[in-house]
Amino acid sequence: MFTPRRKMLAIGALLGSALIAVPVAAHATAAPAPAAEPATAAAAAAAVGLDDPAKKEIAMKIVSSAENSSLDWKAQYKYIEDIDDGRGYTAGIIGFCSGTGDMLDLVEYYTQIKPGNVLAKYLPALRRVDGSDSHAGLDPNFTKDWAKAAQDADFRKAQDRERDRVYFNPSVNQGKADGIGVLGQFIYYDAIVMHGDGGDSTSFRNIRKRALTKAKPPSQGGNETTYLNAFLDARVWAMKQEEAHSDTSRVDTAQRVFLKKGNLNLNTPLDWKVYGDPFHIG
């Protein structure tokens with residue numbers, strides 16, 4: 001589970017405590033393509049989701065801008081650090097945490113596909129520290145071994161697989177069920193990445209429930225923009241419940257910007273800011 005802008009916000013918290021494709025018509029031999037083709041094109045465009053490879057790449061870059069101050073999300077497979085947020089080590093492309101279970105799931109899966117890997121010996125310790133911020137049994141070499149594992153294509157694939165299984169696919173599937181487009185699916189994804197989907201009041205499912213008390217999604221006859229604004233309001237509320245998440249700029253100066261512009265399909269070019277830093281995708 002991600003935590004916001006790992007290094008910067010960890011330092012900030014310490015300072016604060018000292019003072020948070022359309023089918024192309026076949027070439028006809030006798031008659032031109034039927035006039036209904038534009039409608040087909042519009043329907044195909046509307047069917048594009050965040051799981052379209054190009055859109056997914058955009059999603060990963062936007063999340064990385066918030067988490068790593070960089071659009072280079074692929075450089076984060078090797079990332080690992082304890083940012084003092086109570087979740088132990090935070091690592092990899094999705095912020096897998098030793099204290100929240102998803103890092104344990106990842107290393108267990110990696111060991112299934114590659115027994116004897118450099119991280120396998122830490123499985124007993126990862127099981128013991130799950131649910132805490134403890135490093136017991138992990139220090140002093142876990143961080144070095146994580147970076148070493150990140151050089152292995154199988155470990156990078158394992159991170160991709162767990163990202164999709166736990167975070168990306170559930171958020172996209174729920175977004176499609178709610179009738180929201182690419183931007184809305186990204187808004188769901190960013191929320192589930194940060195908050196997880198457990199039973200607590202700030203989890204993704206309960207952020208969504210809070211939004212549903214204010215607006216209906218398109219699948220229930222509601223307006224998409226109105227509903228997404230309600231969801232973002234609920235997301236901001238959830239973020240403010242925890243000091244480590246209380247800077248809401250990833251919503252205010254990124255997702256809200258796209259929504260206000262009516263860019264429901266998350267089309268490029270995109271310009272936004274996170275924690276005051278400007279980013280651009282052309």
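Nearest approach of A211 to A234, heavy atoms of both residues: N-CB, 4.0 Å. Contact detail for G95 and D102: the closest heavy-atom pair is O-OD2, 4.2 Å. In terms of heavy-atom proximity, S65 sits nearest to I62 at OG-O, 2.5 Å. Minimum heavy-atom separation, W237 to T202: CZ3-CG2, 4.2 Å.
We find the OH-OG distance between Y122 and S98 to be 12.5 Å, quoted to the nearest 0.5 Å. Atom SG of C97 and atom CG of L106 lie 11.5 Å apart (nearest 0.5 Å). Note that CG of D133 and NE2 of H135 are 7.0 Å apart. Values are rounded to the nearest 0.5 Å. Between the NE2 atom of H280 and the OG1 atom of T268 there is a distance of 8.0 Å, given to the nearest 0.5 Å. In this structure, M103 CE and E108 CD are separated by 12.5 Å, a value rounded to the nearest 0.5 Å. Here the CG-CZ distance, from D271 to F258, works out to 8.0 Å after rounding to the nearest 0.5 Å.
Here D152 pairs with K114 in a salt bridge; the nearest charged N to carboxylate O distance falls below 4.0 Å. Under the 4.0 Å criterion applied to side-chain N and carboxylate O atoms, R250 and D190 are assigned as salt-bridge partners. Salt-bridge formation is not detected for the pair R127/D130: no Lys NZ or Arg NE/NH1/NH2 atom is positioned less than 4.0 Å from an Asp or Glu carboxylate oxygen. Residues D164 and K56 are paired through a salt bridge, judged by an N-O separation under 4.0 Å between the basic side chain and the carboxylate. Ion pairing of R210 with D233 is absent here, as no side-chain N (NZ or NE/NH1/NH2) approaches a carboxylate O to less than 4.0 Å. By the 4.0 Å N-to-carboxylate-O rule, D82 lies too far from R87 to be salt-bridged with it.
Listed for the N265 side chain is no donor-acceptor partner under 3.5 Å among the backbone atoms of N267. Remark: the backbone N or O of I93 is paired with a side-chain donor or acceptor of Q159 at under 3.5 angstrom. Here the side chain of S64 pairs no donor or acceptor atom with the backbone of K61 at under 3.5 angstrom. Side chain of D178 to main chain of P217: no donor-acceptor pair is present (N/O by atom type, distance under 3.5 Å, no hydrogens or angles). Side-chain N or O atoms of Q185 include one that pairs as donor or acceptor with a backbone N or O of L50 at under 3.5 Å. For the pair N68 (side chain) and S70 (backbone), a donor-acceptor distance under 3.5 Å is absent.
Within the 4.5 Å cutoff, no side-chain heavy atoms of K148 are placed close to those of K78.
When the ring pair (Phe, Tyr, Trp, His ring centres under 6.0 Å) test is applied to Y77, no partner is found at least two apart in sequence or on another chain. Among residues two or more places apart in sequence or in another chain, the ring pair (Phe, Tyr, Trp, His ring centres under 6.0 Å) test is passed with F279 by W272.
In K121, the NZ atom is crowded: over 12 heavy atoms of neighbouring residues, nucleotides or ligands sit closer than 6.0 Å.
Cation-pi geometry between R161 and Y109 is met: the NZ or CZ atom falls under 6.0 Å from the ring centre, inside 45° of the normal.
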Would Y110 and Q112 count as a side chain to side chain donor-acceptor pair (under 3.5 Å) if you check the C-alpha gap in whole Å, the side-chain angles of each, and the deciding distance to 0.1 Å? CA-CA 5 Å; Y110 179 39; Q112 287 176 18; over 6 Å; no
Run the side-chain contact (heavy atoms from CB on, under 4.5 Å) check on V193 and R163 step by step: do they pass? CA-CA 9 Å; V193 158; R163 171 202 60 201; over 6 Å; no
Assess whether ring pair (Phe, Tyr, Trp, His ring centres under 6.0 Å) is satisfied between W146 and Y79, documenting all intermediate values. CA-CA 8 Å; W146 181 281; Y79 168 81; 9.3 Å; no
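Between the side chains of S203 and N206, at least one donor-acceptor pair of N or O atoms lies under 3.5 Å. The closest side-chain donor-acceptor pair between W73 and E67, if any, does not fall under 3.5 angstrom. Side-chain polar atoms of N117 and T111 form a donor-acceptor pair below 3.5 angstrom.
Checked against the 6.0 Å centroid threshold, F96 and Y89 do not count as a close aromatic pair. A ring-centre distance under 6.0 Å is not found for Y189 and Y167.
Under the 30°/60° scheme for interplanar angles, the aromatic rings of F231 and F204 are found to be tilted.
When the options R256, K214, K260 are evaluated for a side chain to side chain donor-acceptor pair (under 3.5 Å) with N229, the one that passes is R256.
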